[in-house]
Chemist: 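What follows is a single structure, and I will ask about it in a moment.
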Amino acid sequence: MLILLSLLIGVIVGLTTVAFLLLTGRLAVRMYPPDSAAWRRVLVPTLGSLFSGYLLYRYFPNARGSGIPQAKFALFIRDGYISIRTVLGKFLCCSISLASGIALGREGPSVQIGAGIASVIGRRFGLSPKNVKALVPVGCAAALAAAFNTPIAAVLFSLEEILGDFDAPVLGSIVLSSATSWMILHLILGDEPLFHAPAYKLVNPLEFGFYALLGVAGGLGSVCFVKLLLSLRLWFRKLPKSTVWFQPAIGGLAVGLMGWFIPEVLGVGYDYVDRVLGGDFPVKTVALLGPLKIIATPICYSSGNAGGIFGPSLFIGAMIGGSVGGVAHSLFPALTANPGAYALVGMGAAFAGIVRTPMTSVIMIFEMTRDYTIIVPLMIANMISFVISRVLQPEPIYEALALQEGVHLPTSESRREVGSVRVGDIMDRNAQPIPPDADMEKAKSFLDDANVGSWPVGVAHFVSGVVSVQQVDSADHVLLVRDLIAGQDTYPHAHSDHQVSYVLDRMRGEGIDALPVVSRADVHELQGVVTLARILASYGITGRRSPALKGKDFE
Amino acid sequence: MSTTGPVAALPAGTGRPVLGLIAVIALVIAGLTALDRFLAKVENEEVQGSAQRSYETGRRLLGQGLAAKALDPLRQAHALERDNSGYTLDLIGALIALGKTGEADTLMDDILAARPNDGEANLVAARLMLKEDKLDDAEAYYHRAVYGSWPADSEAHQRAARLELIKLLVDENARQQLQGELIVLESEADGDMKLQKQLAHLFLVADAPARAAAVYRELTDRNPADSEAWAGLGEAELEEGQYRAAQSAFLRASNNRPDSALQPRLQLLTQLTELDPTPRRLTSMEKYNRSLRILGLAKSDFEAQLASKPGMANPDVVQLLKEASDELAKDPPRGATNEMAEHELDLAERIWKARLAMFGASTSTEEEPLRLCMEKLLQGSPAA
């Protein structure tokens, strides 16, 4: 069933995303005919954002913004619920605003549309909220695969950013939907990478220094972008509610005025990124475009326009990279590659710094350009940018935006931290099992003293089973503990590398509150005992403590 | 990883009209597919149209020699239709014209990686290499262009590519390779008088006057009124040292098309035919007299050179000139022999060699008859 649904989601999301991309592109061409007058560059974004802003305010309030936080709201707060109205609203409003030249991207909205389609399909098939929720990242991956033409990065993004878990059980479905959607894209639009970068290579090992410098610049640029966006969003939120419907027009007007003088600021600007990647640009223009986009996109986004920040992140990164590369190449032409190579690495660095998904970023740039040779510099710059961004702006952008909305989303980092508590960290390594030759009275006494409902049975570091209070209470007094476990071919246990969440699930399933921690090589080799009390204590919750258990020897 | 994941199968007995749902989904897929195909078609048409317009603008500007202005529209066309190698190659052409070889190199690598045997791509690559002064690479790419595949009219394109290569070889003065290319071209030039004329001229440049003369003769046989061919034949005969034949050819050219430009050549040949000591028909006396004239000219020329750069004369030179003066001062003999003439010519050759060693070859028009005669004597060319 899941395979079929994943395929279905891949197909429908792929088709919808392709329609969204094509429609936005064709509309934009009509908004800005070749050699059109400069006044259009002011009027069109202003009117476009005013119109889409009114639609968002009046009919589709949940379609505002990027789409990534909204998909996460649905996933973590609304049991995967996204309405068909939101999907349609996102499609319509984004098509209008993006075609009018708003400096936002189309990939974030695609993700929300994809998540929404997955949610709608799940509900229409009568799935439970839990299962609908599981489909949301499947839709996200399908959308991103088609929007960016990057199926692997889409899978990674769903795991790294949306779910925050690389071991998610829906990984197979995510891969399937991503691949299906990508195939749909190729069937309709052919095999063209999003960007065309010439095959660059490392000219000299000293270049790593310049790439590291680019990582620093990318990180600082990312922090500026995120901080400006968050503070502007906060400012707009403080404006009277009655102004919400025309706030997007402020963003449209601002970017239009910039576009009056420098048309490249308008829209997502992938054409210009392509040129920069080809090494064809004046450094002065590129150096100007980076900061302008860092200003334009936050204004457009914060004022409430519908559109994403993925595309602008790549644009900003390319301009920062082009600037750094241009300067480096003019100073050390023999030691450095064409500035286009730096633009390519800069894209990844800015994406890693702004979106905070360094793994996705590396793979995405590789897939977008199909250039493997630049991957090592890319990784270096990405990690530096990511670290700088995390230090200077601890709250990731999507979580911070959600927080402004009053929603406390779990960050991918926090989810990883929670998940990273392992049994080995909290188990009692000195705990002794109940000897098999103990009688019921002694066993009962041990369990009472320890204040636990179950305990492993064994000798020293050899475990042979688990007994519970219920078994002891209901057993004949003449029996020994070994008689209780005589029928146990297998017994519940945990391994030291298990996450505590797994142990909790296991305890709930077995109805016990203590598990033997055994070796993976030998299931009878006792390494320690993990109890519910210890798990709670590891999270700072005290109560059902059993101090007597710690290091207690059975007599 | 779970293969079934957390999603359960459709709950039984929900009463949902599953078939209806499937039908709706099928309709949605069909509708979206139709929409996508329509939008993709519109986009393709618009993009191709826009690319074509940009390309035509770029081509027009490039044709007018405005490569800088042509660059943007050509770039636009290339960006819109990257698969169109024609757009890419013209963009590379504009970049070469503007000296932006780095960017051109990158584009060229891509296109050659995709179409390594494409004749046109290799021809543009050869031009790029030429611009970058990588002559060996240029030559290699020209060869690939000549033997590469061309979509239409391949013979004409291959010939044009070979002619470009020949031009490179002419510029590089690579005569041996040039002759090789010309011999191949000769087999393709049958019946094409324009190409044959070009070929004959190139044989002359390649220092193969006999072949040039043969081709010119073919041309004059076919069209005796072709004064250009007669003039070319004259040049070829002149190069070969066949002064009488050359004179005759130039006269035919001059008769067919009275041309003042031919007069200097005719004057030169008149001088040469009067000076040349090698014809067999000459009597020993006449040959001797011509030898003395050549010796006198060689001596005067050397003395003039020495006078222009005082201090260069050494005892050997002085001795050589004195020997010449003595020979010239002798009373004319009653009966001259071939040996006597050869003695004078040998002395003239020694003076000429010393002059060449000290001052190099002369380029002056006045000295041309002497130079040509001496060259012919030094080569030991057969008598006319």
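Each chain gets a letter, A, B and so on, in the order its sequence line appears, and its residues count up from 1. Values reported hereafter were calculated over all heavy atoms of this structure, with side chains retained and with hydrogens, waters and symmetry mates removed.
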Chemist: Just so I understand: if I count every heavy-atom pair under 4.5 Å between each of Leu39(B), Leu32(B), Asp36(B) and chain A, which residue has the most?
Modeler: Asp36(B)
Chemist: Check this for me: Arg59(B), atom CZ, are more than 12 non-hydrogen atoms of other residues, nucleotides or ligands nearer than 6.0 Å?
Modeler: no
Chemist: Give, as side chain, backbone, both or neither, the part of Ile12(A) having an atom under 4.5 angstrom from any heavy atom of chain B.
Modeler: both
Chemist: Any carboxylate oxygen within less than 4.0 angstrom of a Lys/Arg side-chain nitrogen, looking at Arg75(B) and Asp274(A)?
Modeler: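 No.
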Chemist: Using heavy-atom distances under 4.5 Å, tell me whether Asp83(B) contacts chain A through its side chain, its backbone, both, or neither.
Modeler: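 For Asp83(B), the side chain is the part near chain A, not the backbone.
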Chemist: When rounded to the nearest 0.5 angstrom, what is the spacing between CZ in Arg275(A) and CG in Asp72(B)?
Modeler: 5.5 Å
Chemist: Just so I know, are the side chains of Ile25(B) and Phe125(A) near enough to count as touching, which here means a heavy-atom distance under 4.5 Å?
Modeler: yes
Chemist: Quick check on the interface: out of Val29(A), Ile121(A), Ile188(A), who has the most heavy-atom pairs with chain B under 4.5 Å?
Modeler: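 With the most close heavy-atom pairs to chain B, the winner is Ile188(A).
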Chemist: Does atom CG of Asp271(A) have more than 12 heavy-atom neighbours from other groups under 6.0 Å away?
Modeler: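 12 or below, so no.
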Chemist: Side chain, backbone, both or neither: which part of Ala79(B) has an atom under 4.5 Å from a heavy atom of chain A?
Modeler: neither
Chemist: Give a yes or no on this: more than 12 heavy atoms of other residues, nucleotides or ligands lie within 6.0 Å of atom NE2 of His186(A).
Modeler: yes
Chemist: Given the options Asp110(B), Thr33(B), Leu35(B), Val47(B), which has more heavy-atom pairs under 4.5 Å with chain A than any of the others?
Modeler: Thr33(B)
Chemist: Find the one option among Glu46(B), Glu103(B), Arg53(B) whose heavy-atom pairs under 4.5 Å with chain A are most numerous.
Modeler: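 Answer, by heavy-atom pair count under 4.5 Å with chain A: Glu46(B).
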Chemist: Could you have a look at Val11(A), Val18(A), Ile184(A) and say which one has the most heavy-atom pairs with chain B under 4.5 angstrom?
Modeler: Val18(A)
Chemist: Would you indicate whether Gln64(B), at its atom CD, is surrounded by more than 12 heavy atoms from other residues, nucleotides or ligands within a distance under 6.0 Å?
Modeler: yes
Chemist: Would you say that more than 12 heavy atoms from the other residues, nucleotides or ligands in this model lie under 6.0 Å from the CG of Asp171(B), or not?
Modeler: yes
Chemist: Counting heavy atoms not belonging to Arg60(B), are there more than 12 under 6.0 Å from its CZ?
Modeler: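 Enclosed.
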